[in-house]
Amino acid sequence: MAQHQVNYMQDGGLPVALTSIDKLVNWGRSNSLWALTYGLACCGIEMMASGASRYDFDRFGTIFRASPRQADIMIVAGTLTKKHAEFIKRLYDQMTEPKWVISMGSCANTGGMFNTYATVQGVDRVIPVDLYLPGCAPRPESLQYAVMLLQKKIRSQKAIKTQKPKRLM
Amino acid sequence: MRAYTPKDNVQKKSYYTDRYWIAPQVAKSKVSDDKVFSEDLEAIKKAKIKVLDSYIQVEQMVVYIKPEDIVKTLQLLRDECAYTQLSELSAIDWISQRGGFEVFYQMLSMSKRKRLRIKCFIKQDESIESVSKLFRSADWSEREMYDMFGVKVNNHPFMKRILMPDDWEGHPLLKTYPLQGDEFASWYEVDKIFGKEARDIIGPEIRDSARVDRYDTERFARLGHEVAKGVEFNPDEEKKPLAYQEDDGVFLIEGFDEDKSQIISDRKR
């Protein structure tokens, strides 16, 4: 009689990793942050540079998608005008939960230098923002750091919970 | 070379000293000084168009006419005087001084290498005839003029706002329009998306761009002091080094070791 016993609790060269569901789900979420292409102004150029080969967003699992249905994060890169405000809200609503928003650059954070009648004074007046990234425009390194901070935030959250829809109010 | 002025503490005194400073005008010369322009002016006068004023300024002829002659004049200039392009068209707000708008039409002749400007004055409540049948470029310019100044244009194919949203109130380039927007403008996106009742919750716009509250963690946290939203910020807290990952490592992801990473010093690599 063969005494064949495998101790599954020990990683004896087997491809087994034990973890919590939270960590597993958050690992998946934080490393496949598909971003909505939301270049509104010059910050959009820096965002594109972050996606291109030199800074290479793909290694974070961040791939730009042109549809809100396929996107997890919205990187608002640039000046949000009042005329456009309703569309950013609509696109944000069309994104599936869970979803996150990075407000990139001074204009998206506070309206920036456009202290005028036609500029929304911060996207947080329209959609809830998870991370404000300062700079005018922020370098691709900053955007990478922002994405990594967001990943850190996602990892710190509970993965399975009743999805409370994020609403501004 | 321009004379050097000391730049120390330039921000100490405001550089907006006189709000009502009127820029000096560039010298004007007579139309008869230029042969091409005087021929053009003769052609206009010959067509029984009343010329109110005419002069040359910065090598461009300016002709003032009556607003009812505008289509006739532009057609004449295009067909007979070779001014084939209407490069710009807009209005100037003279409401407080003269009670109306000056509408200008900037014309360009490629063959003559000359530019001239037709100007006419209309009262605030008057409208002007469209020239979009003569020049395609006038279509959008007239829409912009309507959008920015509220000057209505008769017989325009599509008289609608071009830059501002359709439901916008007010005309932003009027001198009376505040730069930071009126009541309607400041609540526009809130009213439109959430409704008027949301004004109290969202609050008014923060227009002071110099306002920095380092203890406000509802809106910002500084680099190296990243905290979660709404957490109380402790000013005595030591600055944290930039951390890319949690200290105890991340599941299934190799930890980032700064010592092992290669720093590229050659920028051209």
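Chain naming here is simple, since letters A, B, ... match the order of the sequence lines and numbering starts at 1 in each. The analysis underlying the following values was restricted to heavy atoms, covering all of them including side chains, and did not include hydrogens, waters or symmetry mates.
Separating the OG atom in B:Ser186 from the CD atom in B:Glu205 is a distance of 5.5 Å, to the nearest 0.5 Å.
With chain B as partner, the option from A:Arg155, A:Met148, A:Gln144 having the largest number of non-hydrogen pairs under 4.5 angstrom is A:Arg155. Counting heavy-atom pairs under 4.5 Å between each of A:Met113, A:Arg90, A:Lys23 and chain B puts A:Lys23 at the top.
If you check the side chains of B:Gln180 and B:Arg207, you find no donor sitting under 3.5 Å from an acceptor. Side-chain contact annotation: B:Glu142 with B:Ser130, donor-acceptor N/O pair under 3.5 Å present. With no hydrogens or angles considered, a side-chain donor-acceptor pair links B:Asn154 and B:Ser127 at under 3.5 Å. Checked by atom type, the side-chain pair A:Arg139/A:Tyr55 shows a donor-acceptor distance below 3.5 Å.
Listed in order of number, the residues of residues 61-85 of chain A that approach chain B to under 4.5 Å between heavy atoms are A:Lys82, A:Lys83, A:Ala85. Within residues 162-172 of chain B, the residues having any heavy atom closer than 4.5 Å to a heavy atom of chain A are B:Ile162, B:Leu163, B:Met164, B:Pro165, B:Trp168, B:Pro172, listed by residue number.
In this structure, the portions of A:Leu24 lying under 4.5 Å from any heavy atom of chain B include both its backbone and its side chain. Of the atoms belonging to B:Ile193, it is side-chain heavy atoms, and not backbone ones, that fall under 4.5 Å from chain A. Residue A:Asn26 does not touch chain B at all, counting heavy-atom pairs closer than 4.5 Å.
Contact check for A:Leu143 versus A:Ser50: side-chain heavy atoms found under the 4.5 Å cut-off.
Minimum heavy-atom separation, A:Met47 to A:Gly39: CE-N, 3.6 Å.
Under a 4.0 Å N-O distance rule, the pair B:Arg199/B:Glu183 qualifies as a salt bridge. A salt bridge between B:Arg143 and B:Asp147 is absent, with no side-chain N of the basic residue lying under 4.0 Å from a carboxylate O of the acidic one.
For B:His156 (side chain) and B:Ser132 (main-chain N/O), no donor-acceptor pair under 3.5 Å exists by modelled atom type. Judged by distance alone, with hydrogens and angles left aside, the side-chain atoms of A:Arg125 form no donor-acceptor pair with the main-chain N or O of A:Gly122 at under 3.5 Å.
For B:Phe101 and B:Phe121, the ring centers are positioned 6.0 Å apart or more.
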